[in-house]
Amino acid sequence: MSATLLPESDLSRARDEVATCIRADGLGPGLHLLTLEAPEAAREALPGEFAQLQVVPGPLLRRPFSFSGVDPGRGTVSFYLRVYGEGTRRLAQLSPGSPVRLLGPLGRGFSLPQVKGSSLLVAGGVGAAPFPHLAGQLLARGERVRWLNGAASADQLFPLGLLPAGLAGSLQVTDDGSSGRQGLLTDALAELLDGVDRVYACGPNPMLQAVAEMASRLRPEALVEVSLEAPMGCGFGTCLGCSIPLLSQGTAVPGLCCRQGPVLAADQVDWEGLRRQPSHLE
Amino acid sequence: MSATLLPESDLSRARDEVATCIRADGLGPGLHLLTLEAPEAAREALPGEFAQLQVVPGPLLRRPFSFSGVDPGRGTVSFYLRVYGEGTRRLAQLSPGSPVRLLGPLGRGFSLPQVKGSSLLVAGGVGAAPFPHLAGQLLARGERVRWLNGAASADQLFPLGLLPAGLAGSLQVTDDGSSGRQGLLTDALAELLDGVDRVYACGPNPMLQAVAEMASRLRPEALVEVSLEAPMGCGFGTCLGCSIPLLSQGTAVPGLCCRQGPVLAADQVDWEGLRRQPSHLE
Amino acid sequence: MGGEVLVGRGLTLESPVGVASGTFGYGFEAERMGNLAGLGAVFTKGTTVASRPGNAPPRIAEVPGGMLNSIGLQNPGVEVVATEYAPRWRGWAPKVIVNVAGSTIDDYVRVCQRLDPVPEVAGVELNISCPNIAHGLDLGVDPHAAAACTRAVREVTGKAVIVKLTPNVTDITEIGRAVQDGGADAVSAVNTYLGLKWSRVRGTPVLPGSGLAGLSGPAIKPLALAAVARLVAALKIPVIGIGGIASADDAREFLELGARAIQIGTANFYLPGIAASCAAELQQGSGTAHRAERR
Amino acid sequence: MGGEVLVGRGLTLESPVGVASGTFGYGFEAERMGNLAGLGAVFTKGTTVASRPGNAPPRIAEVPGGMLNSIGLQNPGVEVVATEYAPRWRGWAPKVIVNVAGSTIDDYVRVCQRLDPVPEVAGVELNISCPNIAHGLDLGVDPHAAAACTRAVREVTGKAVIVKLTPNVTDITEIGRAVQDGGADAVSAVNTYLGLKWSRVRGTPVLPGSGLAGLSGPAIKPLALAAVARLVAALKIPVIGIGGIASADDAREFLELGARAIQIGTANFYLPGIAASCAAELQQGSGTAHRAERR
Ligand SMILES: Cc1cc2nc3c(=O)[nH]c(=O)nc-3n(C[C@H](O)[C@H](O)[C@H](O)COP(=O)(O)OP(=O)(O)OC[C@H]3O[C@@H](n4cnc5c(N)ncnc54)[C@H](O)[C@@H]3O)c2cc1C
Ligand SMILES: Cc1cc2nc3c(=O)[nH]c(=O)nc-3n(C[C@H](O)[C@H](O)[C@H](O)COP(=O)(O)OP(=O)(O)OC[C@H]3O[C@@H](n4cnc5c(N)ncnc54)[C@H](O)[C@@H]3O)c2cc1C
Ligand SMILES: Cc1cc2nc3c(=O)[nH]c(=O)nc-3n(C[C@H](O)[C@H](O)[C@H](O)COP(=O)(O)O)c2cc1C
Ligand SMILES: Cc1cc2nc3c(=O)[nH]c(=O)nc-3n(C[C@H](O)[C@H](O)[C@H](O)COP(=O)(O)O)c2cc1C
Ligand code: FES
Ligand code: FES
């Protein structure tokens, strides 16, 4: 359907299942970790892929969330979410036993390395969501993994204890200095790029753009992948609501965040187009 | 607003309060007794008056229910309800502690006798709702009160034990004979009309019409009052949705169920008009 | 955002928050219930030359997020309104604007003429969405008829003339421009949308006859916002926004969009104190338009 | 109620349940996800002569009970559809009906001409709700233009021609009669309603530009039922009902009302298997229209 030649997500892996909430933990102001029993998704979900969640009663359309933790053995998946509007509010109110419709896995996730190397995970705020799962997969492949997390204040950082053991290093940055280093995440980035083969980033668009620019300048040989967001009507390519400006062989083309993304190589993104576009936040 | 000269409810007694569910008892298939803490309504509500209830989330418009039990001392009121559609379903699902918006008392209730005499209460199915409160008030005035309750089957009769003590007699009738006498309520009515000064009836329209006709034939000197139903948008006279065909000095006039009713003298109702009108049940 | 607003021809409302015709009677129920405080205006039930009994029941049906009505303009006629109701409005803080309905232009003229000398009536709102007008066209869907009706009323009244537009037209701005040219002081929009509810139990529509009725309530808010935005862009006269308003935030959306004032309709039925509380909330200040910053 | 239906010119659908244009792509996503089973027809995304990139984001916004969209007809153009997509439809059980859009009558003619020899295309659905037609009038709001477009397409194709009507008109039956006279085999109704969502955080509409966009979803069901009821009463050709259908019961309401078939739109987004399950449910039998008897 899309005019780009970029690869698209494999929809045949997606299942619509009725998951059951088994845990709902508050992790900070408006921040929640939701653990669902969802055996089919737990079997399939790869790092960076997402699910469309629906709670009844709740908003009409489903809401997209990155798989945060995935435990195929237990048949559970977890989502790290920040309350924004009605949909996230309903999800945050779930209690153990409540049903949640889960459609997934959807989208294209992060590329996992074929050969061992050094990865840097860069998370802005709730953009930490996909990284517990990614870190686990990278570590399992013998990758050297470091963690950089920025947030407005200490209580909005992703709890280090919830990341898989074995990280080669971690740095936390807060706007107000209430924990870790004070300043912007990008200020800290420069010193961590050294020797890195892969940079994986998730967070607000301006942060992603800054990460992409700095990485391509200071570490041009590294693979840089970013996880983007767009308003999603469906999550599987039919509503055309999640259009994002991509580059295909250097020319701007409209892509679909849900099928060519949400994870894209930084050089596939038309950053200028993205910056000019009015916010989808309401 | 209405063209009739019939008296209208006193809206200055109505209050919009946030009541709290304190008990929710199942009394039969789809039949529930809901007890709410609602001090203002408990202080004011007279027999036959109703409240407009709203549960959130739930349907947009409130739903009307007759006050069934009223305990000013405890500050509680109860409603006897039958699950029909979404609104009654939500109410039936309430659990202790849940809030319910209650607007009331609304409407005109039953006339209470000035001198002692003999009353017959005639209830069809969930039409039993207003009678516990009415029976209590009548008995307190020294009235002789008898009870006639018809339903499809035994499990749909109003539990005798929930009526106030001191009834001078009671008769139950079921369509299938599963409890009490088999047959129609109206078949049993004839033998109970003897010596009666007042007949109060609540139930489906055809039953009310039959009761009204039989009573005026066999016991013309008795006061006969019926509690009618109509779809209600507001409950207090502004939407004009609850139009019912009344008689004013013998000529048909449109009345408002919520203001001139829901309780009307049987000879104020245009029974033929009511019978011709398409059902409001969906 | 909550203070005094001028809606035309010297008609100033103390608050931009009014209540919509047919959802507040003639204000007496709210007076009894203590719900008039702070309102800018009460738009009365549609009033015709002679009294009307209204349509046969059932007249209302609920749908998700809204309701359908076919009340059929039940009202006591203008004479009762002028002689019995108006005196009871004396001393009210909200302005009373009588909503006027009819089948011919002459009907509108006669009702407005009768109300012109009545001091308690602050203005008229012409509900030009009634069928059975000359030439078989609805007044409100034909720009020429709509303008002619406005002009004819303009000639017989010194009061503010607000024309209430139906949204069931191809281009609401065309009708808006026509009544502006006809001398309307303001327009109000929108009236109800044509809807239907089906009863599967009965195999017929829920409401009698063809089952067609007017949809109102929160479900129509996005449609009403679109209509009001287009009118604000197209007209010079004030636009009064109506449609699905059920909170102070809803009201603010219409006002930020450019509406001069707003009317609350269906919400008065399920939240009888809502209009008074919206007026108070708007009076107090602009509220919080901000969400927590993302991330 | 769930069996084979004829929607005109020999076009028979195995089930009255179809999926609406723009909510199912060209069917390939549903094919991958296993959601084609039992459908009567797939109405494709609106297809134009040349490919179109669509509008700038954001393109969708949610409102209670519905959504607004201004996708802007993003599509690969008819040539790609005819040569690359059509072969992939071979052997599909649901009929594929291509939804056609354009700015001039000639655009419609060219797309339909190109599709006429393509055997996998069972019919065309003319989406005549596009702006910028000759004389500054929308095709779909002008009965003459609508009829002329239908007639012109009729001449270049032997396939079933379904005309999809916009509800944003004063009288949808006038347009319906015009396209019936122009040779349409069936009409489908409705397309989206003009709506707007306001962002209080930004102080602008949520969607770009004027913010006007198309409202769809359960919120429009009562409006769509009214439009379909009026069309059924006014027309001789089959009417395909669309608007807010999200369950087999919703579908039954339209069918009982007289629609020959139905299309599910927005619900496909949040319940991707809904169309297939409705088709199955309708196939199985009439379901239960009955509630428990009252009292
Ligand atoms: C691929 C993907 C993965 C995501 N993963 C996560 C996650 O793991 N944790 C998390 O907290 N959030 C995540 N988000 C963002 C999350 O989907 C939004 O916060 C959520 O949709 C807001 O819904 P709401 O009902 O609470 O807010 P509302 O304001 O009621 O939402 C209204 C509309 O705004 C749009 N919207 C608002 N915020 C966003 C956003 N950030 N992205 C896209 N659309 C938005 C949506 O279209 C939604 O329909 C992700 C988004 C995408 C696209
Ligand atoms: C004055 C009065 C007192 C009542 N007292 C009781 C009571 O004590 N116990 C009890 O169980 N029921 C009582 N009812 C009936 C009760 O209000 C309806 O059963 C209820 O409104 C149905 O709502 P729902 O959402 O469950 O059904 P839905 O089918 O979702 O209701 C849809 C619409 O149908 C209409 N409707 C359906 N049934 C009725 C009805 N019987 N009367 C009026 N409108 C109806 C309403 O307009 C409602 O908006 C009373 C009705 C009235 C008018
Ligand atoms: C029961 C009812 C009766 C109405 N009667 C009238 C009327 O007499 N005159 C009129 O102009 N509008 C009438 N309306 C329309 C409302 O004034 C208002 O325009 C419409 O309901 C949309 O606003 P809402 O969504 O806030 O209800 C009526 C609406 C309802 C619900
Ligand atoms: C995102 C989206 C895109 C649409 N694109 C088209 C289109 O290309 N052509 C068309 O005729 N209708 C289009 N429609 C309208 C639908 O086909 C349908 O008529 C409308 O959404 C009402 O049905 P619903 O309420 O079931 O969604 C679109 C609707 C949506 C929501
Ligand atoms: S979310 Fe619908 S196409 Fe991407
Ligand atoms: S219920 Fe609104 S007037 Fe009676």
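Lettering follows sequence order; numbering is per chain, from 1.
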Just to verify, what does Asp16(B) make a salt bridge (Lys or Arg N to Asp or Glu O under 4.0 Å) with, not counting sequence neighbours?
Arg62(B), Arg101(B)
If one checks every heavy atom of Arg259(B) against chain C at 4.5 Å, the contacting part turns out to be side chain
Between Glu253(C) and Lys221(C), is the salt bridge (charged side-chain N to carboxylate O under 4.0 Å, His left out) condition met? List the steps.
CA-CA 10 Å; Glu253(C) 293 182 8; Lys221(C) 198 184 76 172; 3.1 Å; yes
Under 30°, 30 to 60°, or over 60°: which ring-plane class applies to Phe28(C) and Tyr85(C), parallel, tilted or perpendicular?
perpendicular
Can you tell which part of Thr23(C) gets under 4.5 Å to a heavy atom of chain B, answering side chain, backbone, both or neither?
backbone
Please state whether the side chain, the backbone, both or neither of Gln54(B) comes within less than 4.5 Å of a heavy atom of chain C.
side chain
Ranking Pro231(B), Gly235(B), Cys239(B), Ala14(B) by heavy-atom pairs under 4.5 Å to chain C gives rank one to Cys239(B)
Under 4.5 Å, counting heavy-atom pairs only, tell me which of Ala56(C), Ala246(C), Pro58(C), Pro64(C) racks up the most with chain B.
Pro58(C)
Can you tell me if Thr48(C) uses its side chain to pair, donor with acceptor, with the backbone of Ala50(C) under 3.5 Å?
yes
Does CZ belonging to Arg13(B) count more than 12 external heavy atoms closer than 6.0 Å?
yes
